[in-house]
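Note that the structure is a prediction, hence the values are computed from the model and not measured. Numbers restart at 1 for each chain; the letters A, B, ... are given by sequence-line order, proteins then strands.
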Amino acid sequence: MARLKLHNSLTRGKQDFEPIDPSHIRIYACGPTVYSYAHIGNARMAVVFDVLSNVLRTLYPRVTYVSNITDIDDKIIAASQKTGETIDVITKKYADIYNADMRSLGVQAPDIQPRATDHIPHMIALIEELIENNHAYAADGHVLFDVPSFPAYGGLSGRNRDEQIAGARVEVASYKKDPADFVLWKPSTDNEPRWDSPWGFGRPGWHIECSAMAAEHLGLPFDIHGGGADLKFPHHENEIAQSCCAHGDKEDLSSFAKYWVHNGFVTVNGEKMSKSLGNVTLAHDLVKDHAGETLRLTLLFAHYRQPLDWTEKSITQSKKTLDRLYQNLRDVADVTADDTAEFPPSVMDALCDDLNTPKAIAALLALAKEAVETQSPALKAQIIAAGNVLGLLRQNPEEWLGYAVSDDSVDATKIEYLLQQRTEARTNNDYARSDEIRDELTAMGIAIEDTAEGTLWKKI
RNA sequence: GGCGCGGUGGCAGAGAGGCUAUGCAGCGGAUUGCAACUCCGUGUACACCAGUUCGACUCUGGUCCGUGCCUCCA
């Protein structure tokens, strides 16, 4: 069986994946902060880690994939103040929309989807531990992580402290002992969300929730920690600092998570898509206009660490590629899949090579072509199995291609009538009439195919 | 300023020290009344300049260009 290799941000290289416990793989990916709709960049992360967890599941007997919802954050508070909706309403609304949109993209729900606000006691306990270990200090109702107490700080993002402080746009609050210190806990006013704590009523800082939830649901150290590339600094760097200083080895950054996997950005016109730039394309809008599977393939068409430029053209191409695959599947409709066939090695090799989805898709296309040529039961099963891991080809080919229409968006009776008229015209060599009918059908959004067994129609 | 990533055929996008993915589009052909569907065939592409090598698109150094991070960000 192929050996999984992953690019580990911690070591900046591709390396063999050596599980901490081969009988149980544990993976955590930073999920969304729910104050607005997810954009396609957020979706990329969800799709990438969905595929990664699928790959792990085919390789190992047990996998626990945790991806959180952050439902306490200053941006949520700001959204609440702006819209007048309560925090609970906002976070529930956008968490539900996020999950629904991701489901449309074929993303399976993570095994565990913890919410930050369900883990305040865990965070407080973690902070207390850091204070006890002299890695954090309370000041002015805040608790701050003492960065100089952790000399290994900066190892993930590869920056040393002296360099980054010079010229960095760090606002140094008066209560900070060191400019790089970051907030673990901060005071809340009466109209902000607040929890009682040893340091007064307040709320957690941005990074502590992931440290607390990962430890709670996976235990330390765990195998893989993931997220978008922009989380590397400061979010993941700070998670490592908190977790290593509280529970792990202060010399060993991998004592929190062994492998760090970061997906690249989705860009628009070559520029990063981000909420702050305002050039976002929302997953929620895209799923209205395109099949989720098409969007998913578009995201998988580039290697996960490469930037991906989001264009209508790329969506069209994915759609056509899926059409081809479904067409191939339709061409082996009469073949009974041989479910004892092994997972296709060419696809697995590609996926095991640092999740090379473009290569895996190419391998899948080759398999599909071969399956049609050979009408092989084993190949058919392999296509379906590969599709499943990629989260593709889960639909009925007839329906995908429009040969079977389950809704009443077309008038089948009328189409059949017109086709009958056309067949008659053709029999009489009345091709003018025949073409006229075809034009009429085209105008109705119906394409026709003349085959030896008669004329087929499909919705386009 | 510091750290990082990338420049591959018309487009998208893998890959690799010599065996030149894949998809889409284009072109030619088969099939068709004409189409559509399908099938077959078809493209000396690796930013630039040096170097290493028998041989580099792939390694090394430099140049140019693009882009990302440096406490809002997937």
Side-chain angles (χ1 to χ4, degrees), chain A residues 9 12 29-33 35 38-49 73-75 78 154 157-160 162-171 179-183 205-207 226-235 237-238 262-267 270-277 280 297-298 301-303 305-309 311 313-314 316-325 327-328 330-331 350 353 356-366 369 372-373 401 426 429-432 434-435 438-439 441-442 447-452 455-458 460:
Chain A
S9 303
R12 287 174 202 84
C30 290
T33 300
Y35 62 99
H39 57 62
I40 193 68
N42 298 288
R44 187 181 196 187
M45 167 263 145
V47 168
V48 164
F49 288 96
D73 183 274
D74 287 3
K75 289 192 292 294
S157 52
R159 57 192 86 226
N160 77 48
D162 298 338
E163 280 168 355
Q164 82 173 263
I165 289 165
R169 51 178 200 214
V170 183
E171 262 183 63
D181 292 352
F182 57 90
V183 171
W206 173 31
H207 318 290
D230 48 357
L231 292 184
K232 237 189 254 186
F233 189 89
H235 184 58
E237 201 72 79
N238 292 354
H262 292 98
N263 63 275
F265 299 121
V266 175
T267 60
E271 274 195 317
K272 179 184 168 183
M273 180 187 296
S274 75
K275 289 176 185 172
S276 51
L277 287 178
V280 299
L297 182 60
T298 308
F301 240 129
H303 181 88
R305 286 194 290 116
Q306 294 301 122
L308 171 67
D309 206 38
T311 63
K313 205 170 174 178
S314 61
T316 304
Q317 192 171 316
S318 300
K319 169 71 166 61
K320 289 191 172 184
T321 304
L322 278 172
D323 285 349
R324 164 163 293 272
L325 285 166
Q327 182 65 48
N328 290 158
R330 183 168 175 268
D331 290 341
D353 183 12
N356 192 334
T357 51
K359 203 174 174 186
I361 292 159
L364 178 58
L365 282 156
K369 189 174 178 177
V372 174
E373 282 166 14
L401 295 167
R426 291 177 73 213
N429 292 332
D430 183 359
Y431 295 121
S434 162
D435 290 351
R438 184 167 62 201
D439 290 344
L441 286 162
T442 305
I448 60 174
E449 290 167 26
D450 291 325
T451 74
T455 302
L456 296 180
W457 62 270
K458 67 178 177 183
I460 47 176

J.: Using the P atom as the reference point in each nucleotide, state the distance between B:rU8 and B:rU71 in Å, no decimals.
T.: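 Straight-line distance between the two P atoms is 31 Å.
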J.: Using a 4.0 Å heavy-atom cut-off across all strands, classify A:G31 as base, sugar-phosphate, or nothing.
T.: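 Nothing: the residue A:G31, judged by heavy atoms under 4.0 Å, touches no strand.
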J.: Ignoring backbone atoms, test whether A:R305 places a side-chain nitrogen or oxygen under 4.0 Å from the OP1 or OP2 oxygen of B:rC5.
T.: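 It does not, given that no N or O in the side chain of A:R305 lies less than 4.0 Å from OP1 or OP2 of B:rC5.
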J.: Go through the N and O atoms of the side chain of A:K272 and the base of B:rC73, and report whether any donor-acceptor pair is under 3.5 Å.
T.: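 Between B:rC73 and A:K272, which were checked side chain against base, a qualifying N/O pair under 3.5 Å is present.
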J.: Among the nucleotides B:rG15, B:rA12, B:rG33, which one has an atom lying closest to any side-chain atom of A:D353?
T.: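 Of all the options, the side chain of A:D353 is nearest to B:rG15.
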J.: Could you state the CG-P distance from A:L365 to B:rA12, rounded to the nearest angstrom?
T.: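 Atom CG in A:L365 sits about 19 Å away from atom P in B:rA12.
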J.: If B:rU60 has a Watson-Crick or G-U wobble mate with both distances under 3.5 Å, name it; if not, just say none.
T.: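 Paired with B:rA50.
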J.: Measuring from atom CG of A:N263 to atom CG of A:L308, what distance do you get when rounded to the nearest 0.5 angstrom?
T.: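 Rounded to the nearest 0.5 Å, the CG-CG separation comes out at 10.5 Å.
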J.: Report the distance from atom CE of A:M45 to atom CZ of A:F265, rounding to the nearest 0.5 Å.
T.: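 Taking CE in A:M45 and CZ in A:F265, the distance rounds to 13.5 Å.
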J.: Can you tell me how far P of B:rG68 sits from CG of A:L308, to the nearest Å?
T.: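 Computing the A:L308:CG to B:rG68:P distance gives 15 Å.
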J.: Could you pick out which residue, A:H207 or A:R330, lies toward the 5' side of RNA chain B when each is mapped onto its nearest nucleotide?
T.: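 Taking each residue's closest nucleotide, the earlier one in sequence belongs to A:R330.
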J.: So A:T316 and A:K319, do their side chains get closer than 4.5 Å, heavy atoms only?
T.: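 A side-chain contact is absent here, since even the closest heavy-atom pair is not under 4.5 Å.
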J.: So, does A:W457 get its side chain near the phosphate of B:rA36, meaning an N or O under 4.0 Å from OP1 or OP2?
T.: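 A:W457 to B:rA36 OP1/OP2: no side-chain N or O under 4.0 Å.
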J.: Could you state the atom-to-atom distance from CE of A:M273 to P of B:rU67 in whole Å?
T.: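 Distance check: A:M273 CE to B:rU67 P gives 16 Å.
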J.: What interatomic distance, in whole Å, is found between C1' of B:rC40 and the corresponding atom of B:rU44?
T.: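 These two C1' atoms come out 23 Å apart once rounded.
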J.: Answer with base, sugar-phosphate or nothing: what part of the nucleic acid does A:S314 contact at a heavy-atom distance below 4.0 Å?
T.: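 The answer is nothing, as A:S314 stays clear of every strand by at least 4.0 Å.
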J.: Can you measure A:F233 atom CZ to B:rC5 atom C1' for me and round it to whole angstrom units?
T.: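 Going from A:F233 (CZ) to B:rC5 (C1'), I get 18 Å.
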J.: With a 4.0 Å cut-off on heavy atoms, is A:G41 in touch with a base, just the backbone sugar-phosphate, or nothing at all?
T.: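 Base, at least one base atom sits under 4.0 Å.
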J.: What are the two closest non-hydrogen atoms of A:H303 and A:P358, and how far apart are they?
T.: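 Scanning both residues completely, I find the closest heavy atoms to be N-CG, 3.4 Å.
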J.: Compare the minimum distances between each of B:rG13, B:rC24, B:rA74 and the side chain of A:F265, then state the nucleotide with the smallest one.
T.: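 Among B:rG13, B:rC24, B:rA74, the one nearest the side chain of A:F265 is B:rA74.
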J.: Say you pick atom P in B:rC39 and the same atom in B:rC59; how far apart are they, in whole Å?
T.: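 Rounded to whole Å, the distance is 37 Å.
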J.: Need the pair for B:rA36. Rule: Watson-Crick or G-U wobble, both distances under 3.5 Å, any strand; none if unpaired.
T.: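 None - no nucleotide pairs with B:rA36, as no candidate has both distances under 3.5 Å.
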J.: Contact class for A:Y431 (heavy atom, under 4.0 Å): base, sugar-phosphate, or nothing?
T.: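 Contact class for A:Y431: base.
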J.: Would the number of heavy atoms belonging to other residues, nucleotides or ligands and lying under 6.0 Å from NZ of A:K369 be above 12?
T.: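 No - once you tally the heavy atoms of other residues, nucleotides and ligands closer than 6.0 Å, there are 12 at most.
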J.: Begin from the C-alpha positions of A:D435 and A:R438 and carry the test salt bridge (Lys or Arg N to Asp or Glu O under 4.0 Å) through to its verdict.
T.: CA-CA 5 Å; A:D435 290 351; A:R438 184 167 62 201; 3.5 Å; yes
J.: Using 30° and 60° as the class limits, which term best fits the ring planes of A:H207 and A:H235: parallel, tilted or perpendicular?
T.: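 Ring orientation of A:H207 relative to A:H235: tilted.
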J.: Counting only Watson-Crick pairs (N1-N3 plus N6-O4 or O6-N4) and G-U wobbles (N1-O2, O6-N3), all under 3.5 Å, who is the partner of B:rA21?
T.: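 Paired with no nucleotide.
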J.: Hey, which sits more toward the 5' end of RNA chain B by its nearest nucleotide, A:K232 or A:H235?
T.: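 The answer here is A:K232.
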J.: How far does the C1' atom of B:rA56 sit from the matching atom of B:rG17, given to the nearest Å?
T.: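 B:rA56 and B:rG17 have their C1' atoms separated by 6 Å.
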J.: Provide, to the nearest angstrom, the distance between the CD atom belonging to A:Q306 and the P atom belonging to B:rG13.
T.: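 So the CD-P distance, A:Q306 to B:rG13, works out to 9 Å.
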J.: Measure from NZ on A:K320 to P on B:rA25 and round the result to the nearest Å.
T.: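 The distance from NZ of A:K320 to P of B:rA25 comes to 4 Å, rounded to the nearest Å.
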J.: Starting at CG of A:L441 and ending at P of B:rC37, how long is that distance when rounded to a whole Å?
T.: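 Taking atom P of B:rC37 as the reference, CG of A:L441 is at 16 Å.
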J.: Measure CD/A:E237 against P/B:rU71 and give the value in whole Å, please.
T.: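 Result: 13 Å.
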J.: Taking any heavy-atom pair under 4.0 Å as a contact, classify A:V266: base, sugar-phosphate, or nothing.
T.: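 A:V266: base contact, heavy atoms under 4.0 Å.
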J.: Can you check the distance between B:rG4 and B:rU60, where both ends of the measurement are the P atom (answer in whole Å)?
T.: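 Nearest-Å result for B:rG4 against B:rU60 at atom P: 15 Å.
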J.: Which nucleotide sits closest to the side chain of A:D230: B:rA74, B:rG15, B:rU22?
T.: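 So the nucleotide nearest the side chain must be B:rA74.
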J.: Base, sugar-phosphate alone, or nothing: which one does A:R12 contact when heavy atoms must sit under 4.0 Å apart?
T.: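 No contact.
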J.: With distance as the sole criterion, do the side chain of A:R438 and the base of B:rA36 form a donor-acceptor contact below 3.5 Å?
T.: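 Per atom types, no contact qualifies.
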J.: Given the structure, check if the side chain of A:T267 and the base of B:rG68 hold any donor-acceptor pair shorter than 3.5 Å.
T.: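 No such pair is found, so the answer is no.
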J.: Heavy atoms from C-beta onward define the side chain here; which of B:rC37, B:rC40, B:rG13 lies closest to that of A:Q327?
T.: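 Comparing B:rC37, B:rC40, B:rG13 against the side chain of A:Q327, the answer is B:rC37.
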J.: If the C1' atom of B:rG51 is compared with that of B:rU42, how far apart are they to the nearest Å?
T.: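 Each nucleotide's C1' atom is 38 Å from the other's.
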J.: Distance criterion of 3.5 Å, no angle test: do you see the side chain of A:N356 paired donor-to-acceptor with the base of B:rG15?
T.: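 No pair found.
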J.: Taking the minimum atom-to-atom distance to the side chain of A:K369, which one of B:rC40, B:rA14, B:rA74 wins?
T.: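 Closest of the options to the side chain of A:K369: B:rC40.
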J.: If you go through the side-chain atoms of A:D450, does one of them form a donor-acceptor pair with the base of B:rA35 closer than 3.5 Å?
T.: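 Present.
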J.: Pick the P atom in B:rC48 and in B:rU31, then give their distance to the nearest Å.
T.: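 It works out to 44 Å between them.
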J.: Given the C1' atoms of B:rU38 and B:rA21, what is the spacing between them in whole Å?
T.: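 Roughly 23 Å separates the two C1' atoms.
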J.: Which of these nucleotides, B:rC73, B:rA35, B:rC40, is closest to any side-chain atom of A:I448?
T.: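 Of B:rC73, B:rA35, B:rC40, B:rA35 is nearest to the side chain of A:I448.
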J.: Side-chain contact test, heavy atoms from C-beta onward, threshold under 4.5 Å: evaluate it for A:T321 versus A:F301 and give yes or no.
T.: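 Heavy-atom side-chain distance check passes, below 4.5 Å.
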J.: Once you apply a heavy-atom cut-off of 4.0 Å, does A:L231 come out as touching a base, just sugar-phosphate, or nothing?
T.: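 Since only primed, P, OP1 and OP2 atoms lie under 4.0 Å of A:L231, the category is sugar-phosphate.
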J.: Report the base-pairing partner of B:rC69 (Watson-Crick or G-U wobble, both distances below 3.5 angstrom), or none.
T.: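 When the pairing criteria are applied, B:rG2 turns out to be the nucleotide that pairs with B:rC69.
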J.: Is any side-chain heavy atom of A:V266 less than 4.5 Å from a side-chain heavy atom of A:H39?
T.: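 No, side chains not in contact.
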J.: Considering only B:rG68, B:rA36, B:rA14, which nucleotide approaches the side chain of A:E271 most closely?
T.: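 Among B:rG68, B:rA36, B:rA14, the one nearest the side chain of A:E271 is B:rG68.
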J.: Assign A:A302 to base, sugar-phosphate, or nothing according to its heavy-atom contacts below 4.0 angstrom with the strands shown.
T.: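 The residue A:A302 makes sugar-phosphate contact but no base contact.
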